Amino acid sequence: MICFQDVSFQYEAQKEKAGVTNINFTIKPGEFVLFCGLSGSGKSTISRLINGLASNFYEGRLAGEILLAGKDIKNKPLYEISQSVASVFQNPRSQFFATDTNGELAFGCENMGLPVNEIDERVEEAVSFFHVENLLGRNLFCLSGGEKQRIACASSYSMDPDIFVLDEPSSNLDYRSIEDLKIVLTKIKEQGKTVVIIEHRLYYLMDLVDRVFYMEDGSIKEEFSNAQFRRLNYATRSKMGLRIINFNELYEYQGNCKACSVSSGQQQFELENVSVTHKNESRGKRKVLNIPRLALPQHEIIALIGHNGAGKSTLARTICGLQKHAKGTVRIERDAVARKKRIHKSYLVMQDVNHQLFTENVKEELILGMKNPDYDKFNQILEKMDLSQYQEQHPMALSGGQKQRVAIAAAMTSGKEVIILDEPTSGLDYRQMVNFSELLQEVSDTSKITMVITHDIEFIINCCTVVVKMEAGNVAEVYSKRDGTLTTEHIIDVIQNLEDNESLKYRRKG
Amino acid sequence: MKNKNRIQAKDLITVGIFTAIMMVVRIISSFLGVIPIVNAIITVPVCIAVGPVYMLFLTKVKKMWMITIMAGITGIFMSVFGWAWFCAAIALVCGLIADFITKLGNYQSYKLGLAGYCVYSLWWIAPVLPVWFQPGFLDNMRESMGAEFVQAYSTLMPIWMLPVLIVVTIISALIGGLLGKRMMKKHFVRSGIA
Amino acid sequence: MEQRKEKTKKGFWLDPRSKLLIILSMNGLVVTGVENWVLSLIVVFLGVLLMLSKYVRSAVKFMLTFAVLLFIEIIVWHYVTTGPMVYIIVFTGLVKKFIPAIMSAMVFIYTTTVSELASALARMHVPEKMILPILVILRFFPTVQEEWDCIKDAMKMRGIGNGVKSVLSPMRSMEYTLVPLISTSVKTGEELSASALTRGLGAPVKRTNSCQVGFSWPDFLVIAVAAVFFVLITF
C-alpha cells in the first residue's frame, strides 16, 4: 500500500523539523504501523511525506520514490493525495477550518465537490461509526481535546480514504480521552484501513500495532514486529528514549523521587474560601472553582490532576493571580498576598509555549526573567535542559520540545516563589522527561511552590511528591508521599478513573 | 502540473490570515482609528504598527492579485462598518497599484515592496476626502456632530491639509516599513516565519 | 440527516445575510445626523438580538456603555459649554454612534459559523476567490482573541509590557507585543492551511456548501426592522 524507496527529504528552511535520509519500507494494506523515536528523529517528516505535505506545502528537496497503491505521488497535487490519505494532527485547535462540528464533518466532502445528499449520507455514516451524535451542532471551541480529535477522525473518515496518518494525536489528551481515541483507532483498523501513527505515548497502541519502526537521526534504525517490540525489556526501551508500553512497567520505576531534603511540613501555602464563578455566555453562571480550604506544603513537587474541565487551569491561574474575578484569600506562610502581588511572585508556563517567547535568542529569553543575572546558574540550567548549543538561536526557530524546554528554563531562571507548569511533558520523550524531572527537583528546593498540571503518569511517579486531585471545581483528594498515601498503585488507579459525565456516556455506547 | 502563477487555495488562506492579523493590529494600535473623520490623525501609529505585518506578508506574496484581494477585503470590511463605500473602491485601487509596483520587482525587491506599502497606506486618508471634495458634506456633519465640532474640525482641516496628510502617511508608512525590515531580520527570518 | 438539521436550528437563528443587512443598514449612521431616540431604539434592538443569541452579558455591557455616553452628552452638555471639556463631550458623542455598528458586528461574529457564511456568500454569488479569505478571517478572530489573552498573561508574568518601563520605551513594548502575536498567528495559519489542504481544499472542482441557510420568519422581521431604521437614519 505504501512503499518508500530510497526516500530522502531535506527541508529548505533549516529551522523546520529534521529531514530524513534513505528511508525504505513497505506497508501492506490494512497494517497498523507505529513510528517512534526521540524528538527530532524525523518521525513527523515521514507522516508529511505520506500525506504529501512534505514537498507540496513544506518546501524542500525530495529524492526517491513514494508509492501509494502502486502510484508515485511525487508530482501529485495535495487535493488528489488527500482522497486516499487522511491526516489527523496534534493540535486540535488549529486543525479545524469550520467553527462548528457539523461544518467540520462535512468539510472534506465539500472540498471534493460531492452533491449535498451524498455528503449528508457520508457524514451520517461517519457520525454513527464514531458515535459522535452527542457532539453534533456544537461549537468546536467548546469541545474537550478528546472530543475534538474524535471529530477530526470522523471528518477525515467521511472522505473515505484508504490510509490514515496520525501525528501524535494523543498529545493534549488525558487518560480517558486516550482510551476513546483507542476505540476510534480500533474501529478504523477493523475496517481494513491502513494506519500510520507517530507517537511518544505507546501504551494505548500495543493492542493495535502490527509493526514498529524506531527512528534515530533521520533514518530508520530498527524495525520490530509487535511481539518483538513487547519482548524488549524496559531498560532497553528507556535507553532508546521510549515511554512505557503498559502500566505494569511503572512498578519498575525506582522513581528518582528523593525524600524532600528541605523538610518543610510546617510552612504552608494556603487557599481559603477560594472560588471563581464563570459567567459563561451561553451556560449561565456556574462555579468553576470552589475550594473552602487547601493547604499545600512548600518545597515539594505537586502534581495537579483531574479530568478535563475540573478546574485545574483555573486553580493555577488563581494562584498566580491571573484570574481576575477570583474570590478568597491566598496565603504564603501565613501572610495573605493580594492578587497583583501574586503575579509578581509567580510564573506560569502555559501549555502553548508560543505565547511566551518574546526575544530574539534563547539567552535573552532566559535573562529576561532574571532580576540579577547569575551566569553560573544560568549556564547550569542551559546544560541540564540540553539547550547550550541553541543559545544564540531564535526561540521560535526551535522544535516544539525545545521550545518547551526554553520556557521551562525561563521559569527556572526567574527564581520566582511560585512556579506552575501546565502539561510541560506532553511533547517530551523519555530522556527529556527524566532530565526535566531532575531539574524540577532542584527548582523545588528554592522556589516555594512547584506545581505541575499533568496527565503524564510516568512523570508523576518519577518525581512528584504530592498529588492534588480535582473534580468539578473542588479539590477531591490530596495524596502525599510523606504520609504514605501516594503510592504507584494508587496513582495508576486514580488516573485511570478520572472521569467526567460526557466521556462516561460515550464509553457506554462503546 | 500546477500553474505557478495562478492563485491557489493556499495563497487565499495566506491572504485571509494576514488580512485578519492586520485588522487586529490596527484595532489594537488605534482604537479610535475606526472613526472615519478622526482617523486621519491616527494614521501614524497604525501605519507604523502594521508595517511589520505587511512586510511579512510580502515575503509570502509571490503572485499577482494577493495584495489587491487583501486591500479589497479590508476596504469592504471597513465600508460595512460605516465608512463610505467609495473608500472601498479607493482601497481596491491603492491595493492594485501597490500590487503592480511590487510586481515590477518580481515580488523580491524590498524597496519596491516598501513603495507599494506607502501607496497602499494612502487609502486611509480616503474617508476624509469628502470634507474638501464633496459639497454639502460639512453641512451633513454639522447636523450629526454639532456646529462646534465642525468649527473646530474645519480649522484643523483646511484644504492644504491634504498634501500634509499624504506626506505624513507616507512617512509613517516608511517608518513602518523600516521597522518591519528590522523585525524581519531580528525575529521573523531567524525564527523561520518569514 | 434530520438529526443534523434539527440540532442546528434550535433556538433563535438568523440567516447570515440578514445579519449582513443589519450591519449595512447601520452603515449610514456614522456620517449622518440621527436623533438620540432613534439611536437608542437601535441599540435596544441590537441588544435584544444579542440576548436572544444568549450573549446576555455582552448585550448589557454595550447597552450600559451607550447609556453612559448618552448621559454625558445630554446632561453634562447642559452645564459645560466652553473650554476643552467641550471637545471631550463632542468626542463621546461621536463614540456613542459607533456602538450600534460594533454591536451589529458582534451579532454577526458571535453567531455565524464558517459553514453558514460559506453557504450564504455562495448564494450571493460572491466570487470564490474572495469567499475563502473571508472565511479564514471569520475563523481566525476567536483564535486570535484567545492567543492575545494568553500573550497578555505571559507578559504580566514576565513583567514586561506594563508599567513605567514600557511607556518609556514604546518600541520595545511594541516589539514584545507584536512579535509573539504575529508569530503565533502565522504559525496557526500555517497549521490551518496544512490541515485544510490535506482535506482537499483547492481541488479544481466547484465546492459544495452543504450548510443549510435560508430565510424564515425571524429573518423577515429583522430585515423589516432594519429597513425601518435605515429609512429613519437616511431621511
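Proteins get letters first, then strands, A, B, ... in listed order; numbering begins at 1 in each. Since the model is a prediction, treat every value here as computed from it, not as a measurement.
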Heavy-atom pair with the smallest gap, counting every atom of [X] and [Y]:
X        : Y        : answer
A:Tyr79  : C:Gly202 : CD2-O, 3.7 Å
A:Ser346 : C:Met157 : O-SD, 3.3 Å
C:Cys150 : A:Met350 : O-CE, 3.5 Å
A:Asn111 : C:Val205 : O-CG2, 3.5 Å
C:Arg139 : A:Phe141 : NH1-CZ, 3.5 Å
C:Thr112 : A:Thr99  : O-OG1, 4.5 Å

So C:Pro180 and A:His355, do their side chains get closer than 4.5 Å, heavy atoms only? no
Report which part of [X] has an atom under 4.5 Å of a heavy atom belonging to chain C: side chain, backbone, both, or neither.
X        : value
A:Leu348 : both
A:Ser155 : side chain
A:Phe89  : side chain
A:Phe97  : both
A:Gln83  : neither
A:Met112 : backbone

Is any NZ, NE, NH1 or NH2 atom of the basic residue among A:Glu365 and C:Arg158 found under 4.0 Å from an Asp or Glu carboxylate oxygen of the other? yes
Output yes when C:Arg199 and A:Glu110 qualify as a salt bridge under the 4.0 Å nitrogen-oxygen rule, no when they do not. no
Mind ranking A:Glu80, A:Lys345, A:Glu104 by heavy-atom pairs under 4.5 Å with chain C and telling me who comes out on top? A:Glu104
Side chain to side chain donor-acceptor pair (under 3.5 Å) between C:Ser115 and A:Asn102, worked out: CA-CA 9 Å; C:Ser115 16; A:Asn102 295 22; over 6 Å; no
Would A:Asp120 and C:Ser210 count as having a side-chain donor-acceptor pair, cut-off 3.5 Å? no
